[in-house]
Amino acid sequence: MVAWFRRGRDIARPSPTDQPEGNSAVLRERLAELVRYINRSSGRLPRESVVTARLITDLLGQVIDGFETQSAEPRAVISVEATVEDYLPTTLKRFLALDPSQLDVPRMGEQTPAESLQDQLESLLDSAAELLGAARAQDVDALITQGNFLRTKFSRSDLEL
């Protein structure tokens with residue numbers, strides 16, 4: 001009976017050493033693989049979608065760069081990993097799996113698959129831009145906090161004790 005209550009607790013959880021400095025090199029390689037996949041598939045994807053997908057990868061690369069210089073927010077690491085390993089490649093693969101004769105045919109009076117792909121990529125682009133903005137804001141906040149600490153630590157009143 002006790003074993004039943006423990007189900008799900010045996011799931012491996014990442015240790016602090018797995019996050020994010022150790023993962024940044026791995027994540028950067030996975031991002032490079034994704035860029036190569038986009039480039040290889042560019043002849044079968046709409047041009048606008050290729051550009052948007054590459055903008056997403058460029059933004060994610062900048063976020064990963066920040067992981068190497070600043071301790072990363074775990075949610076940021078999870079978001080980048082999910083986008084690189086699942087959201088973006090899955091979106092592209094599902095489009096590429098379609099019959100080419102159906103790419104510009106509206107489904108049930110709505111968007112064509114090509115238009116739907118572009119909308120999905122734009123959602124991912126917005127998310128990546130927000131993620132980069134949040135990472136940069138965290139860097140600025142950390143710098144301001146350090147400045148406040150130094151001012152307090154080395155202000156004249158503290159030295160006169």
Side-chain angles (χ1 to χ4, degrees), residues 8 10-148:
D10 298 333
I11 297 171
R13 294 190 182 12
S15 71
T17 57
D18 292 340
Q19 302 284 348
E21 295 82 10
N23 280 347
S24 64
V26 172
L27 202 48
R28 183 165 300 289
E29 179 54 36
R30 289 181 181 148
L31 182 63
E33 289 172 16
L34 181 56
V35 168
R36 288 189 292 271
Y37 176 75
I38 294 166
N39 290 343
R40 280 193 314 270
S41 304
S42 64
R44 298 180 309 160
L45 293 167
R47 286 186 197 136
E48 183 180 18
S49 296
V50 172
V51 171
T52 305
R54 286 304 312 276
L55 286 172
I56 294 166
T57 59
D58 290 348
L59 291 175
L60 294 175
Q62 292 178 49
V63 174
I64 294 169
D65 289 344
F67 293 168
E68 295 169 357
T69 60
Q70 179 76 15
S71 64
E73 172 70 29
R75 288 175 292 191
V77 174
I78 291 168
S79 293
V80 171
E81 286 176 343
T83 303
V84 169
E85 296 174 7
D86 183 18
Y87 305 150
L88 184 53
T90 299
T91 300
L92 297 172
K93 287 175 185 175
R94 288 205 173 139
F95 178 83
L96 292 169
L98 297 174
D99 180 344
S101 68
Q102 299 298 308
L103 299 181
D104 293 318
V105 177
R107 299 289 295 169
M108 294 183 219
E110 295 186 15
Q111 295 181 317
T112 66
E115 292 168 338
S116 180
L117 171 66
Q118 186 58 34
D119 281 353
Q120 292 172 42
L121 292 175
E122 287 175 7
S123 293
L124 288 171
L125 180 61
D126 290 344
S127 175
E130 288 176 17
L131 189 58
L132 180 59
R136 287 181 174 167
Q138 179 186 357
D139 290 346
V140 170
D141 290 346
L143 179 64
I144 291 170
T145 300
Q146 177 67 10
N148 291 338

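Values below: all heavy atoms of this structure, side chains included; hydrogens, waters and symmetry mates excluded. Computed from a predicted structure; not experimentally measured.
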Determine the minimum heavy-atom distance between [X] and [Y], stating which atoms define it.
{"X": "Gln111", "Y": "Glu115", "result": "CA-OE1, 3.3 Å"}
{"X": "Ser79", "Y": "Leu131", "result": "CB-CD2, 3.9 Å"}
{"X": "Thr112", "Y": "Pro106", "result": "CG2-N, 3.8 Å"}
{"X": "Ser24", "Y": "Phe67", "result": "CB-CB, 4.3 Å"}

About how many Å separate [atom2] of [Y] and [atom1] of [X], when rounded to the nearest 0.5 Å?
{"X": "Asp65", "Y": "Leu132", "atom1": "CG", "atom2": "CG", "result": "9.5 Å"}
{"X": "Leu55", "Y": "Leu60", "atom1": "CG", "atom2": "CG", "result": "11.0 Å"}
{"X": "Ile56", "Y": "Leu125", "atom1": "CD1", "atom2": "CG", "result": "5.5 Å"}
{"X": "Ser42", "Y": "Leu92", "atom1": "OG", "atom2": "CG", "result": "11.5 Å"}

*Non-neighbouring partners of Arg30 that pass salt bridge (charged side-chain N to carboxylate O under 4.0 Å, His left out), sequence neighbours left out*: Glu85
*With sequence neighbours excluded, what pairs up with Thr57 under the side-chain contact (heavy atoms from CB on, under 4.5 Å) test?*
Leu31, Leu34, Val35, Ile38, Arg54, Leu88
*Kindly write out the residues that satisfy side chain to side chain donor-acceptor pair (under 3.5 Å) with Glu48, not counting sequence neighbours, or none if the list is empty.*
none
*Apply side chain to side chain donor-acceptor pair (under 3.5 Å) to Arg47 and list each qualifying residue two or more places apart in sequence or on a separate chain.*
none
*Take Gln118 and Thr52 through the test side chain to side chain donor-acceptor pair (under 3.5 Å) and record every step on the way to the result.*
CA-CA 8 Å; Gln118 186 58 34; Thr52 305; 2.8 Å; yes
*What salt bridge (charged side-chain N to carboxylate O under 4.0 Å, His left out) pairs are there with at least one residue in residues 96-105, not counting sequence neighbours?*
none
*Residues Arg36, Glu29; criterion salt bridge (charged side-chain N to carboxylate O under 4.0 Å, His left out); working and verdict*: CA-CA 11 Å; Arg36 288 189 292 271; Glu29 179 54 36; 3.0 Å; yes
*OH/Tyr37: more than 12 non-hydrogen atoms of other groups inside 6.0 Å*: yes
*Can Thr90 and Tyr87 be said to form a side-chain contact (heavy atoms from CB on, under 4.5 Å), step by step?*
CA-CA 5 Å; Thr90 299; Tyr87 305 150; over 6 Å; no
*Hey, could you give me each pair passing side chain to side chain donor-acceptor pair (under 3.5 Å) that has a residue in residues 125-134? Not counting sequence neighbours.*
none
*Can you spot which of Leu121, Leu96, Leu103, Val51 makes a side-chain contact (heavy atoms from CB on, under 4.5 Å) with Leu45?*
Leu96
